Every structure is written in C-alpha cells, then in structure tokens.
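Read the structure below first, then the notes.
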Amino acid sequence: MERIYFDNGSTSFPKAPGVSDAVRALLDNGAFNINRGGYEEAYAISGQVLETRQMLCSLFGFHKFKNVVFTPSITYSLNYLIKGFLKPGDHVITSSMEHNAVMRPLVQMEKQGVAFDAVPCAGDGTLDPALVEKCIRPNTKAVVLTAASNVCGTFLPIAEVGRICRDHGIAFIVDSAQKAGTFPIHMEECGIDALCFTGHKSLLGPQGIGGMLLSDRMAKETTPLIAGGTGSASHLEEMPSFMPDRFEAGTMNLPGIIGLRAALLYHQSQEPGAIAQKELDLAMRFREGVLELPGARPVGLSGREGRAAIVSVDFKNDDNARIAFELEQGYGVMTRVGLHCAPRAHQTLGTYPEGTVRFSFGHGNTKAEVDYCLDALRRICAGK
Ligand SMILES: Cc1ncc(COP(=O)(O)O)c(C=O)c1O
C-alpha cells in the first residue's frame, strides 16, 4: 500500500535534501566539540556553527548573530523565556490559539504569581490586535504569540502586535514553529524581541535542535535557567554574561546544528515563496475537495491568504478518530487526530473536545496524493 505523509505540522518529512548527508558526514568524520577542543577540526566545526547563526539572522531579519542561541527545541526556548524573563507580579498577554508549549509554562508561572490574559481569537483563529492593546496593564511585561496556528494554519498579526508592544515598551516573544522557513518573518520589522524556532518542522531540519534570537534587552533581562560548562570563562563558577554562552551550557547538539545548516542552505537555494505556494496549492485543493464531503467541516480561514498549509477537518457525521484510523489502515494516509496540544485553540474554533483530523502539507507532497486522499475520504464517509 502507498504511504502518504500529511503530518508535516508535527514534523516535516522528507527533510531538506542534504540534511542526512551533512549529519552523517559530521558523525563519520568526527563531531568534535567546539569551544573546547583546541585543534583544527574543532575550529572548522565552530565555523559552521557560526555560519548557521548568521544564516538564521538573515532568514529572520536580525543582525546580531551572537544573540542566536541554540536549544533542543522551541518548547525549551519558550520555557527559557517564560520562566527566565517573567517574575512574580508581572502580567503577560497571549492568545487563545497557543500551543501547550506556551500555555503550560504560562500556567506553571501563574502559580508563581505571574498573571496572564489569553486574548480570545475569532472563530477562524484570527486575532484582532486592538484586543491585545486593551489588555495591557501597567505591569504587562510581555506578549507571547504564535505566528501561525498549528491547528488550522491561521496567521496571527505579529507585525501589528509588534508595533503595539514597541509603543508600550513591552517585550514581544514569538513562536514561529509553523511558519519559519516557509513564510517570511522579519524580526526587526515586526518589533520582535525574542523569536523562538524549532528546526524539525517547516525549517526541514532534524529533531532535537531549536533556538531563539534575542534582542539585547531580552538577553540581558532573562535569567539563564540552565548553567554549566561553556568552554569559555572557565575560571568563573557563574555563567558568563556574554552571548551566546550565557544561554548555551553543556555540549552542543552539533549533528542537529549541522543538519539545520544544510536545511537552511536548501531554503536559500529556493525561489522565495516557492515552497509556500506549492504547499498552499495543495492545501486549497484539499480544502475544496473536503467541502464536497457530507458533514465535513474544515475549520479556520476559507481562503489561501493569511494561512499556512494546514487543514483541520471536523467530520460532523462521524467519529474523527475513526476517519483518521481508516485513512491510515485502509489507505496509508498519515494524519493527526485530536486536540494537537492546543485545547484552547480548539475551543476557539468550536471543535473542543472532539478535536479534528489535521492534514498538514509539506514540500514533498503532490496533487496526486491530495486527490488520492480525497478519494479515500469519499469512500470512508460513504461507508465503503
Ligand atoms: C505552534 C507550535 N509551537 C510549539 C510547538 C512545539 O514544538 P517542539 O515540539 O519542536 O518543541 C509546536 C509543535 O507542534 C507548534 O506547532
């Protein structure tokens, strides 16, 4: 049976060409520890890590490569910031479309005296920036926002919210997980103080590598939660104050960084916007086909503007879990069913607690796969 992967929102497959070769070459030739080994081979890898920081700067419209910090994933980046930057007595604003990578650390911090408001988004996942401004209090320290919903793909207005944050002197932290690489995000134009990313989704790199790009203010005012060896200032028993060492304790994930570097090279080799156009063509073709199925309700925005290539469907006449199961067992189509680690987003979209079947398209998918999946759904919905 053919296997079709429509779960790119979870992690991308296939990875960018060159990623596995780069990781393999590093491991085969020696993944020598940087900042520690005083030999040529380690310096060469150091150079590639530095290049990766610079490539991330140019991808995200940022200029300080030393303020690019590597972490194991965006979940870690968001935790480092939410827990290291916010203090008891602070207030934070977020949205009702956030992933648990934002909500769970916020709820943990609430128990330590950090208050938050989750601004309600509309039924299609869009956010009115004016509602964010209305929530600002004298003690509002930060706004934390996803750039795109992982449930339905709807973009949140980061440029507009960034302007509001700048006007009020509030730090702006953005979760770029579902947008980075495929759609442009310009950190400085959008007034973003901390841009968190994960390597294994739309950036098309391996798992286990993510990071954050920090303004000087964020870098200075965030307490490093993880302390340890950095290979620098080793006479100190405190973390160095300089970047990126301040936030990079412990042996670095060099295979992850080198794999990510290969993925970034691939993105650089592509026509700007080409991957997005291809994925959106597939998503819209799929969405139109779904509308013809009895009882199937795709959630989120109906048009192709302002969204990523994620289509979540509530099969009203059926059990979503059964549909996903039959798609996989009978037709080899891999999707994700349920709440997608974003219960509030489903409440916002009107699909809580049943959730949806999420179809998330990637650079490797084809129109033929979309048509095959629609045909499979027609049969499943008709009970054949
Ligand atoms: C919007 C969003 N934020 C954060 C995450 C967490 O990503 P990771 O598991 O790579 O840390 C995800 C993953 O699904 C996501 O979709």
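Indexing begins at 1, ligand by ligand and atom by atom, following the structure's order. We use all heavy atoms of the structure for the numbers below, so side chains are in, but hydrogens, waters and symmetry mates are not. From a predicted model like this one, the values you see are computed outputs, not experimental measurements.
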- Would you please say whether a donor-acceptor pair under 3.5 Å links the side chains of D7 and T335? no
- If you measure only the distance, is there a donor-acceptor pair under 3.5 Å linking the side chains of Q112 and K87? no
- Query: Which bit of T75 gets closer than 4.0 Å to ligand 1, counting heavy atoms only: side chain, backbone, both or neither?
  - Reply: both
- Task: Measure the distance from atom 14 (O) of ligand 1 to every protein heavy atom, then report the residue, atom name and distance (to 0.1 Å) of the closest one.
- Result: K201 NZ, 2.6 Å
- Item | atom 16 (O) of ligand 1: nearest protein contact (heavy atom, Å) | Q178 NE2, 2.8 Å
- Closest approach of any protein heavy atom to atom 1 (C) of ligand 1, naming residue and atom: D175 OD2, 3.4 Å
- Find out whether the Lys NZ or Arg CZ of K141 is both under 6.0 angstrom from the six-membered ring centre of F85 and within 45° of the ring's axis. yes
- Is it true that the side chains of H63 and E188 contain a donor and an acceptor less than 3.5 Å apart? yes
- For ligand 1, is H200 a contact, meaning one of its heavy atoms is under 4.0 Å away? yes
- Message: Side chain, backbone, both or neither: which applies to E98 and ligand 1 if a contact is any heavy-atom pair less than 4.0 Å apart?
- Response: neither
- Item | For atom 15 (C) of ligand 1, closest protein heavy-atom neighbour | H99 CD2, 3.4 Å
- Task: List the closest protein heavy-atom neighbour of atom 7 (O) of ligand 1: residue, atom name, distance to the nearest 0.1 Å.
- Result: I74 CG2, 3.1 Å
